There are 2 protein chains.
Amino acid sequence: MATISDVAEKSGLSKATVSRVINNHPYISKEKRELVYKAMEELGYQPNPSARRLRGQLTNTIGVIVPRIVNPFFSYLVDALEQEAYDHNYQVLMFQSDEKKDKELYFLNLLKTRQVDGIIMTSIESDREVIESYTKFGPILLCNEYISQSEMPVVRVDQTKAAYMGTKHLLDQGYRNIAYCTGGLFVDDGKDKDRNVGFQKALNEYEIEINPGWVFINKHTIEDGKLVMQQISDMDYRPDAIFTGSDEIAAGIVLEAKSLGFKIPEDLAVIGFDDQPIAEMIDPALSTIRQPVKEMGVQSVDMLLSLLKNEPLAERQKELSVELVIRSST
Amino acid sequence: MATISDVAEKSGLSKATVSRVINNHPYISKEKRELVYKAMEELGYQPNPSARRLRGQLTNTIGVIVPRIVNPFFSYLVDALEQEAYDHNYQVLMFQSDEKKDKELYFLNLLKTRQVDGIIMTSIESDREVIESYTKFGPILLCNEYISQSEMPVVRVDQTKAAYMGTKHLLDQGYRNIAYCTGGLFVDDGKDKDRNVGFQKALNEYEIEINPGWVFINKHTIEDGKLVMQQISDMDYRPDAIFTGSDEIAAGIVLEAKSLGFKIPEDLAVIGFDDQPIAEMIDPALSTIRQPVKEMGVQSVDMLLSLLKNEPLAERQKELSVELVIRSST
DNA sequence: GATGATTGTGAAACTGATTTCATAATTAAT
DNA sequence: ATTAATTATGAAATCAGTTTCACAATCATC
């Protein structure tokens, strides 16, 4: 590969001048500029990012942490992030935390050594203080997941409202015995906590108490959903509707319900979350709460890039709105 | 961040010695070694990858090109690749080619500037010569997709056999009017070509001719599958079975067939490819050809790492075997 | 005891860029 | 016409590592 010295030699100029041309510095005569461009062209020159990085420049690489890429919600999110990054000439270093603290920390460390310019976290495992302590090495943006009370920049949806909308919809449809199934722990911080609030708020309006036996926590996969349905099936007193934390769980519930002989939504109404492709694929199609995944990705990258350029932000905590999608499962 | 000079100073030794300790060079006394470790520990020192990279060392980063991460086959593949990479202390720079040549080339260029040590390509857009020309900058491994007649290292499945198995299964079940639906072009190179061969081979054994009107090319998504089914529905003379290039297309066909009032497999038998989660989710569940995705990811990373270390390879072209999974759609 | 090989260490060069500092050549202002 | 400001360029320092080269010190061999 040609180096900046080669370009300097070929153009009969110094490395300094070449560097200035590359970086669009002022005070360079038009002729020399042309000379440099010509030499770069002929040599097929490309600046070495490692050398730039070393000199303290940015690397055009952002890190993205996801819990697991096989989860469609996250693969769609990463898709949006990668595309928006590419459009701004950035590359994406993708990393799966697998919901483990040590993996997450390993990746955050890349910020220290300037392997990435900034990081977008779509999930959070470590404690708030730990994550905030890394912000001194570079910008960290929370996307989708977030930490209550934190000042960190974040792009998220209004989960309280989302959960409220979903639950309200079930209540409006006449369901009164509503179960609740969440990905986190019921007392969790951030996203899940906000959802809980929305869920409870809707119930309060109808003066309904939560039935603790109908609360399922830490559920994520289709398989989890099937297990939930089995538990419900075994109950003496069953709910007539269930609010779930993702379309995958909802799908698992629907699938298992069918094979157990329950009718959806007559015996059990099910509402999903996310609006993934799967929601339309199963029968009956899932009512769900659509998350603006594409927009979340775009906004996240844009905000991170602004942070990198030290541009003033209109708002450090951006909230996107969700949409209730009514299909046949409720 | 502490630098190697800080460690040198703290330990009272030279940078050279510290570097030797870090890189496990021979001929260093035990005492000095201890001194260095102690200093590194106290300073929380971590070597700067950019500086190492610049000096011509490896970066512990591999690039992965996928056409589109939202395609479950590829998100499962990336999942496997990322995990195996992590286990060997490597990071993954993920990139979507979006099936576009220019994007692919953009990414291959990272090899030139040593941004990545090597690249795993799970899809191929450019011509063979172009891709091979990049191998002089670092190892490129083909995974899943491959180029006929090329010497490039590859991890793949025997697509000819896979397609043969699938088609044979349809024939054995008594179907004789078999349509064919592929992701590539029917005359394509590599993977798709091999599948065509297997498909034709099975037909030949039963002395059946291909019906050109029943060949669908360049189909990828669920949506594509639905469109294919609509076309079939409009035909005067319809096939009684269809071999597809992916479970997604197969799912689209099944979904649309149901809403058009066709019975699967009575009116039309459908066999998928990949064995993605979706195959078990739809009703009727898809018969399909299972690809060993996890193993492909593991083997690919292992082989690339061997190439990076210049280790001799048992085989540069590794072939994994597939498995016929019979469910209800055939 | 001289010679050669092995072991152990540091100074300095090197990787490929950017930036500081110095300086020359114009242009503008007094 | 002299001084000051602006424009334009290059030499050398710098970033944080690794590697080469030189040189001791220790050990083994004849």
Side-chain angles (χ1 to χ4, degrees), chain A residues 1-37 39-40 43-61 89 109-117 137-138 308, chain B residues 1-37 39-40 43-61 109-117 137-138:
Chain A
M1 277 300 295
T3 72
I4 199 171
S5 301
D6 299 331
V7 177
E9 199 175 337
K10 183 142 204 145
S11 60
L13 297 166
S14 69
K15 294 196 308 179
T17 303
V18 175
S19 173
R20 289 188 184 107
V21 171
I22 294 169
N23 295 285
N24 281 313
H25 285 209
Y27 308 146
I28 302 156
S29 63
K30 191 161 266 177
E31 3 157 18
K32 315 261 158 152
R33 193 182 293 273
E34 298 299 331
L35 277 173
V36 171
Y37 281 138
M40 292 204 296
L43 291 166
Y45 169 75
Q46 281 188 293
N48 181 317
S50 302
R52 294 183 131 180
R53 225 172 289 225
L54 184 53
R55 201 49 235 255
Q57 287 249 132
L58 299 183
T59 70
N60 286 273
T61 305
N89 250 296
N109 265 309
L110 299 185
L111 209 49
K112 271 196 195 173
T113 51
R114 293 179 177 284
Q115 293 252 67
V116 293
D117 296 340
F137 302 113
L308 284 170
Chain B
M1 280 299 296
T3 73
I4 198 173
S5 300
D6 298 332
V7 177
E9 198 175 337
K10 182 142 204 147
S11 60
L13 296 164
S14 70
K15 292 196 308 179
T17 303
V18 175
S19 174
R20 289 188 183 106
V21 171
I22 295 169
N23 295 285
N24 280 314
H25 285 210
Y27 308 146
I28 301 156
S29 63
K30 190 160 269 178
E31 1 156 20
K32 313 260 156 154
R33 194 182 292 274
E34 298 299 333
L35 276 173
V36 172
Y37 281 138
M40 291 203 297
L43 291 167
Y45 170 74
Q46 279 187 295
N48 181 318
S50 302
R52 297 181 127 177
R53 225 172 289 224
L54 184 54
R55 198 52 235 256
Q57 287 251 130
L58 298 182
T59 70
N60 284 272
T61 304
N109 266 310
L110 299 185
L111 209 48
K112 272 196 194 170
T113 51
R114 295 179 179 285
Q115 292 251 68
V116 294
D117 296 340
F137 303 113

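The sequence lines fix the lettering, A, B, ..., with proteins before strands; numbering per chain opens at 1. This structure is a prediction, so every number in the text was calculated from the model and none was measured.
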Subject >> With B:R20, the side-chain contact (heavy atoms from CB on, under 4.5 Å) member among B:R33, B:H25, B:K32 >> reply: B:H25

Subject >> Phosphate-side-chain proximity, B:T17 and C:dG10, N/O vs OP1/OP2 below 4.0 Å >> reply: yes

Subject >> B:E9: side-chain contact (heavy atoms from CB on, under 4.5 Å) partners, not counting sequence neighbours >> reply: none

**OP:** Round to the nearest Å and state the distance from B:I28 atom CD1 to D:dT18 atom P.
**Re:** 12 Å

Subject >> A:R33 CZ - D:dT7 C1' separation (whole Å) >> reply: 13 Å

N/O to N/O distances under 3.5 Å, protein versus nucleotides 22-25 of chain C:
none

**OP:** Give the rounded distance in Å between these two atoms: CD1 of B:I22 and P of D:dT18.
**Re:** 5 Å

Original post:
Under 4.0 angstrom, heavy atoms only, what part of the nucleic acid is B:Q46 near: base, sugar-phosphate, or nothing?
Top reply: sugar-phosphate

Subject >> Approximate separation, where rounding is to 0.5 Å, of A:N60 CG and A:N89 CG >> reply: 6.0 Å

**OP:** Sort and list the pairs that fulfil salt bridge (charged side-chain N to carboxylate O under 4.0 Å, His left out) and have at least one residue in residues 51-61 of chain B, not counting sequence neighbours.
**Re:** none

Subject >> Distance in Å, B:I28 CD1 paired with B:L35 CG, rounded so as to fall on 0.5 Å steps >> reply: 12.0 Å

Subject >> Degree of bending in the helix from C:dG1-D:dC30 to C:dT30-D:dA1 once both end axes are built from five pairs, to 10° >> reply: 50°

**OP:** Write down the distance between CG (B:D6) and C1' (D:dG17), rounded to a whole number of angstrom.
**Re:** 13 Å

**OP:** Kindly say if B:Y27 contacts the phosphate of D:dT26, meaning a side-chain N or O under 4.0 Å from OP1 or OP2.
**Re:** no

Original post:
Heavy-atom distance under 4.5 Å between the side chains of A:V21 and A:L13, does that happen here?
Top reply: no

Original post:
B:S29 near the nucleic acid: base, sugar-phosphate alone, or nothing, with a heavy-atom cut-off under 4.0 Å?
Top reply: sugar-phosphate

So which protein nitrogen or oxygen atoms get under 3.5 Å of nucleotides 13-15 of chain D's nitrogens or oxygens?
{"from": "D:dT14", "atom 1": "O2", "to": "A:R55", "atom 2": "NH1", "distance (Å)": "2.6"}

Original post:
Under 4.0 Å between a side-chain N/O of B:S50 and OP1 or OP2 of D:dA16, yes or no?
Top reply: no

Original post:
With A:S14, which residues qualify under side chain to side chain donor-acceptor pair (under 3.5 Å), at least two apart?
Top reply: A:T17

